[in-house]
Amino acid sequence: MQKRILVVEDEPSIVKLVQFNLEKAGYLVEIAYDGQMGLEAISKSLPDLLILDLMLPKVDGLEICRRLRQEKIHVPILILTAKTDEFDKVLGLELGADDYMTKPFSPRELTARAKAIFRRIDALKQNQNETDSAPIQIGELAIDVEGYEVRREGKKLELTPKEFELLYYMATHRGKVLSRDQLLNTVWNYDFVGDSRIVDVHVSHLRDKIERDSRNPEYIKTVRGIGYKFEGPEL
């Protein structure tokens with residue numbers, strides 16, 4: 001089935017370029033020129049991917065991220081930011097965006113990022129179909145692969161799809177040191193070197209949700225100069 005991508009962007013020149021390249025790659029592309037139009041389009045029909053500019057008229061991109069995640073709408077989100085918007089970029093990731101790109105960007109790379117997101121989702125679904133769907137129990141954490149949810153001592157934790165996928169990957173590689181590039185290439189499924197900051201932001205946010213004390217983590221340990229290692233009480 002053809003994947004549908006909603007692009008929410010108010011600059012016509014960027015819209016034209018993005019739409020041309022995504023349609024050339026075989027995707028069905030819809031356009032919204034402001035945040036309100038974007039929210040209305042999502043409410044009518046959920047896209048397979050949302051490409052979202054942060055600086056938008058009427059409703060900005062950060063507010064859209066916030067509303068979607070509050071309403072438990074877990075559409076993958078790729079945000080577009082200006083190079084100077086470091087704070088907004090990090091905040092977007094913390095609000096549940098899956099990835100980001102800074103302007104100006106290569107349309108070819110944007111298409112590659114979209115393909116990577118779809119490959120990752122398809123691979124996770126296939127892995128779920130091929131493996132035992134019983135929850136993974138690690139200490140107080142229960143990871144329900146089929147239900148796409150995590151509980152700690154029976155209490156459901158509110159994780160974004162990307163946080164869940166990161167946790168699932170790390171939990172299924174317990175005791176192994178995972179470099180930032182390795183996590184970027186597997187969880188984000190990039191075929192090129194990306195910004196490892198995105199890994200650190202997601203790990204930090206994940207720790208805030210699963211650890212009793214994120215400054216003294218039980219599960220996700222930092223391996224200085226390399227990356228991270230997932231441990232559990234039984235290791």
Side-chain angles (χ1 to χ4, degrees), residues 3-10 30-82 85-101 113-114 117-118 120-121 124-125 135 140-170 187-188 197-214 219-220:
K3 300 288 189 183
R4 190 166 64 88
I5 300 176
L6 174 62
V7 178
V8 188
E9 167 63 63
D10 66 326
E30 297 181 11
I31 305 298
Y33 288 96
D34 62 55
Q36 188 58 46
M37 286 178 62
L39 288 171
E40 290 172 358
I42 293 168
S43 67
K44 290 178 182 177
S45 179
L46 193 64
D48 296 299
L49 172 64
L50 176 61
I51 296 179
L52 180 65
D53 185 25
L54 289 186
M55 300 297 293
L56 290 167
K58 297 186 179 179
V59 182
D60 66 38
L62 290 176
E63 179 60 22
I64 291 175
C65 281
R66 185 180 291 108
R67 290 190 193 181
L68 293 179
R69 296 323 188 207
Q70 283 179 346
E71 295 172 13
K72 307 298 186 295
I73 298 174
H74 295 311
V75 57
I77 299 174
L78 169 59
I79 58 175
L80 305 177
T81 74
D85 294 338
E86 179 70 18
F87 175 78
D88 286 345
K89 178 173 64 179
V90 173
L91 183 56
L93 295 174
E94 291 181 345
L95 289 173
D98 295 76
D99 199 357
Y100 70 86
M101 291 187 66
R113 296 281 184 107
I117 289 173
F118 290 134
R120 170 181 54 76
I121 293 172
L124 184 64
K125 288 179 180 177
E140 298 171 343
L141 292 179
I143 305 171
D144 182 355
V145 181
E146 193 171 285
Y148 228 70
E149 66 178 33
V150 178
R151 294 180 181 273
R152 179 162 189 158
E153 296 185 303
K155 182 180 180 180
K156 184 178 177 181
L157 305 178
E158 295 296 337
L159 269 59
T160 67
K162 179 58 64 183
E163 289 165 356
F164 178 87
E165 290 158 17
L166 178 60
L167 176 61
Y168 174 75
Y169 182 80
M170 297 181 80
V187 180
W188 277 263
R197 174 66 183 276
I198 193 173
V199 176
D200 295 334
V201 170
H202 278 82
V203 166
S204 175
H205 213 48
L206 186 56
R207 278 174 170 162
D208 288 339
K209 295 180 179 182
I210 71 169
E211 303 282 3
R212 291 189 180 280
D213 180 358
S214 60
Y219 294 96
I220 304 176

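Rounding to the nearest 0.5 angstrom, the gap separating the NZ atom in Lys209 from the CG atom in Leu167 is 11.0 Å. A distance of 9.5 Å separates CD in Glu165 from NE2 in His202, rounded to the nearest 0.5 Å. Between Arg113 atom CZ and Tyr100 atom OH the span is 7.5 Å, to the nearest 0.5 Å. Atom CG of residue Leu141 and atom OH of residue Tyr219 lie 4.0 Å apart, to the nearest 0.5 angstrom. The distance from atom CG of Leu39 to atom CG of Leu56, rounded to the nearest 0.5 Å, is 9.5 Å. With rounding to the nearest 0.5 angstrom, the CG atom of Leu95 is 10.5 Å from the CG atom of Leu68.
One N or O on the side chain of Arg4 and one on the backbone of Ser45 form a donor-acceptor pair closer than 3.5 Å. Ser43 places a side-chain N or O within donor-acceptor distance of the main-chain N or O of Glu40, the cut-off being under 3.5 Å. Under a 3.5 Å cut-off, the side chain of Trp188 and the backbone N or O of Asp98 do form a donor-acceptor pair. In this structure, Gln36 contributes its side chain and Val59 its backbone to no donor-acceptor pair below 3.5 Å. Between the Lys162 side chain and the Ile77 main chain, no donor and acceptor come within less than 3.5 Å of each other. Without hydrogens or angle criteria, Asp34 side chain to Met37 main chain gives a donor-acceptor distance under 3.5 Å. Judged by distance alone, the side chain of Glu149 and the main-chain N or O of Lys156 form no donor-acceptor pair under 3.5 Å. No donor-acceptor pair closer than 3.5 Å links the side chain of Glu63 to the backbone N or O of Asp60.
In this structure the side chain of Asp10 never reaches within 4.5 angstrom of the side chain of Met55, judged on heavy atoms. The side-chain heavy atoms of Ile42 and Val8, taken from C-beta on, include no pair separated by under 4.5 Å. Residues Val150 and Tyr168 form no side-chain contact, since every pair of their non-hydrogen atoms from C-beta on lies 4.5 Å or further apart. Proximity of Ile51 to Glu9: side-chain heavy atoms (C-beta onward) are nowhere separated by under 4.5 Å. Considering only heavy atoms from C-beta on, Leu6 stays 4.5 Å or farther from Val75 through its side chain. Counting heavy atoms from C-beta outward, Leu166 and Leu159 have side chains that stay 4.5 Å or more apart. By the 4.5 Å heavy-atom criterion applied to side chains, Arg69 and His74 are counted as neighbours. Inter-residue side-chain proximity for Leu78 and Met101 is flagged as met; some heavy-atom pair is nearer than 4.5 Å.
Of all non-hydrogen atoms in Ala114 and Ile5, the two that sit nearest each other are CB-CD1, 4.4 Å. Between Asp208 and Ser214, the shortest heavy-atom contact is OD1-OG, 3.3 Å. Of all heavy-atom pairs between Ala97 and Cys65, the closest is CB-SG, 4.4 Å. Between Ile79 and Gly92, the shortest heavy-atom distance links the atoms CD1-CA, 4.1 Å. Smallest separation of non-hydrogen atoms from Glu163 and Glu158: OE1-O, 4.3 Å. Shown here for Leu52 and Gly61, the closest heavy-atom pair between the two residues is CD2-O, 3.4 Å.
Contact check on Arg207 versus Asp200 returns no salt bridge, with no Lys/Arg side-chain nitrogen under 4.0 Å from an Asp/Glu carboxylate oxygen.
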